[in-house]
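Encoded as structure tokens, the structure appears first; notes follow it.
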Amino acid sequence: MPYTVKCWINKLAWLALVLCLSACGRSGQGPEPVLIDYVTRIGRVVDAEPPKVILETLAGYPERREILLTVPKSDIGVAQFIELHDCDLGALVGYRNSPLGRTQLASQRLSYEQAWLAAVDRCVDAPPWMIELADEKVAQLPALFWNATFAAPEMRVAFGSSGAHSEADLAYLLRTLADALSGLGNGRFDGQTFEATLGQLKRGSWVGYARQEWALWRAYLRGAALLLDEARPRLCRNGRPTPRSRHLVNVFQRYYVQGIQPALAAQLGRQEPWIRQLQTLMLELSDRIPAPFAAWYRQALDPAAVDSEWSRTRRDIVTHAEAWQRVFAFCGIELGAALREY
């Protein structure tokens, strides 16, 4: 077959695989059909049955009751309540103690505390007890932020898979939350932007679908690596290329180099920004993170944890590529020259 025709066939195969993996990712169904086909093709060439793939059970997002932080209530006397009016705080505190105010959402509570602190800051003759209370409230802001974000329903949707697979920029949304956290207590907190960000987080899911994809990649790439390692001794008994090993080069070129590998790289490239932004946010909140959430984060997403799902996925991708290298080295195949033939 002419070389140019082979190039076009390879390009079409690459395009089909990349489009299939990308479409599966957007739909939330995962790349399993492409991975099954890939492992099956390797099995046919090495004349072995593909190993049975068993997907690991993924830990769900912690329950709200496990990760909701307790924030102490502030009680004041009648005389102190009267003094609040001198600082234009009477109406604000009165609303907070009304039936409507007592049922505020966690995000609304955060905006209320910001308004309270701003009023105290403007008050020229604020009494000492009010200044002390303001300091206490400032110290509580990170806990209130936590309750309004990671312990709130919006984040449960975003970090699960109950919503439609979202195409929005999760890294940007997490960065917006980080900006809100840094703006607490200094007058730069924008309640409307904060509420809008939570609304966007609730309209779709990112993390649950990503974790499902990672589980598929880990399972099938490990299975493919096992096939290659077990077939290596019988594939090239004398350490020299055989017709079967040359067929394997074709599978490697058409289905891994031109399909799965670039699709994996592109997908991880899209996911790493929100992984890193989340890590930054976790570090900023480190002294407020409840133990159940910290354990879940380390197990699922923490790039600093060697056994997190994210870290294991990246490691299994490398291990899989190394299995291909071992096969070609064992068979005495100079990969660059072999690929040029295809």
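No donor-acceptor pair under 3.5 Å is formed between the side chain of T319 and the backbone N or O of D316. Judged by distance alone, the side chain of T242 and the main-chain N or O of L235 form a donor-acceptor pair under 3.5 Å. When atom types are taken as modelled, the side chain of S308 and the backbone of L301 share no donor-acceptor pair closer than 3.5 angstrom. Side-chain atoms of R244 come within 3.5 Å of backbone atoms of V45 as a donor-acceptor pair (strictly under, hydrogens ignored). Under a 3.5 Å cut-off, the side chain of S311 and the backbone N or O of D307 do not form any donor-acceptor pair. When atom types are taken as modelled, the side chain of R314 and the backbone of P303 share no donor-acceptor pair closer than 3.5 angstrom. Looking only at distances, a side-chain donor or acceptor of W206 sits under 3.5 Å from a matching main-chain atom of A168.
Looking at heavy atoms from C-beta onward, L278 lies out of side-chain contact with I275 at the 4.5 angstrom threshold. Side-chain atoms of Q277 and Y172, non-hydrogen and from C-beta on, never get closer than 4.5 Å to each other. For the pair I289/Y297, no side-chain contact is recorded, criterion being any heavy-atom separation below 4.5 Å from C-beta on. In this structure the side chain of R203 never reaches within 4.5 angstrom of the side chain of S166, judged on heavy atoms. Put simply, the side chain of I260 does not reach to within 4.5 Å of the side chain of W217, judged on heavy atoms. The shortest distance between side-chain heavy atoms of L141 and L117 falls below 4.5 Å. A heavy-atom distance below 4.5 Å is found between the side chains of L69 and P290. Between L110 and F189, some side-chain heavy-atom pair lies under the 4.5 Å cut-off.
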Applying side-chain contact (heavy atoms from CB on, under 4.5 Å) to V257 and F252, what does each step give before you reach the verdict? CA-CA 6 Å; V257 172; F252 175 76; 3.2 Å; yes
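Scanning for side chain to side chain donor-acceptor pair (under 3.5 Å) contacts around W214 gives Q271, with sequence neighbours left out. With sequence neighbours excluded, the residues satisfying side chain to side chain donor-acceptor pair (under 3.5 Å) with W324 are Y38, H320. With sequence neighbours excluded, no residue forms a salt bridge (Lys or Arg N to Asp or Glu O under 4.0 Å) with E284. With sequence neighbours excluded, no residue forms a side chain to side chain donor-acceptor pair (under 3.5 Å) with T280. Residues that satisfy the side chain to side chain donor-acceptor pair (under 3.5 Å) test with S107, not counting sequence neighbours, are E195.
Screening residues 262-285 for ring pair (Phe, Tyr, Trp, His ring centres under 6.0 Å), with sequence neighbours left out, gives no hits. Applying the side-chain hydrogen bond (donor to acceptor under 3.5 Å, both in side chains) test to pairs two or more places apart or on separate chains, those with a residue in residues 227-236 are D229-R232, D229-R326. Each ring pair (Phe, Tyr, Trp, His ring centres under 6.0 Å) pair with one or both residues in residues 47-71, not counting sequence neighbours, appears once here: Y61-F159, Y61-F293, Y61-W296. A side-chain hydrogen bond (donor to acceptor under 3.5 Å, both in side chains) check over residues 145-163, counting only residues at least two apart or in different chains, returns the pairs S161-Q212. Under the salt bridge (Lys or Arg N to Asp or Glu O under 4.0 Å) criterion, the residue pairs touching residues 129-141 are E113-K137, with sequence neighbours excluded. A salt bridge (Lys or Arg N to Asp or Glu O under 4.0 Å) check over residues 45-59, counting only residues at least two apart or in different chains, returns the pairs E56-R218, E56-R312. Screening residues 288-305 for salt bridge (Lys or Arg N to Asp or Glu O under 4.0 Å) gives no qualifying pairs among residues at least two apart or on separate chains.
For CG of D287, the number of neighbouring non-hydrogen atoms (other residues, nucleotides, ligands) closer than 6.0 Å is greater than 12. In the displayed structure, R276 atom CZ is contacted under 6.0 Å by more than 12 heavy atoms of other residues, nucleotides or ligands.
Under a hydrophobic clustering in which Ile, Leu, Val, Met, Phe, Trp and Tyr are joined whenever their side-chain heavy atoms come within less than 4.5 Å, directly or via other members, L133 and M130 fall into the same cluster. By the rule that hydrophobic residues join a cluster once side-chain heavy atoms approach within less than 4.5 Å of another member, L226 and L221 end up as members of separate clusters. Hydrophobic clustering, with ILVMFWY side chains joined whenever heavy atoms are under 4.5 angstrom apart, keeps L177 apart from V157. Placement of F330 and F328 in two distinct hydrophobic clusters is found when ILVMFWY residues are connected by side-chain heavy-atom separations under 4.5 Å, directly or transitively. Under the 4.5 Å side-chain heavy-atom criterion for Ile, Leu, Val, Met, Phe, Trp and Tyr, V138 and W129 are members of the same hydrophobic cluster.
The distance from the CD atom of Q200 to the CG atom of L170 is 10.5 Å, given to the nearest 0.5 Å. Interatomic distance, S182 OG to R188 CZ, rounded to the nearest 0.5 Å: 5.0 Å. Here the CD1-CG distance, from I317 to L264, works out to 4.5 Å after rounding to the nearest 0.5 Å. Summarising the geometry, atom CG belonging to L68 is positioned 6.5 Å from atom OG1 belonging to T70; distances are rounded to the nearest 0.5 Å. A distance of 12.5 Å separates CG in L181 from OG1 in T176, rounded to the nearest 0.5 Å. To the nearest 0.5 Å, the span separating CD1 on I42 from CG on L228 amounts to 5.0 Å.
The aromatic rings of F194 and F145 sit tilted relative to each other, their planes meeting at an angle between 30° and 60°.
A salt bridge links R41 to D37: one of the charged nitrogens lies within less than 4.0 Å of a carboxylate oxygen.
With no hydrogens or angles considered, a side-chain donor-acceptor pair links E32 and Y220 at under 3.5 Å.
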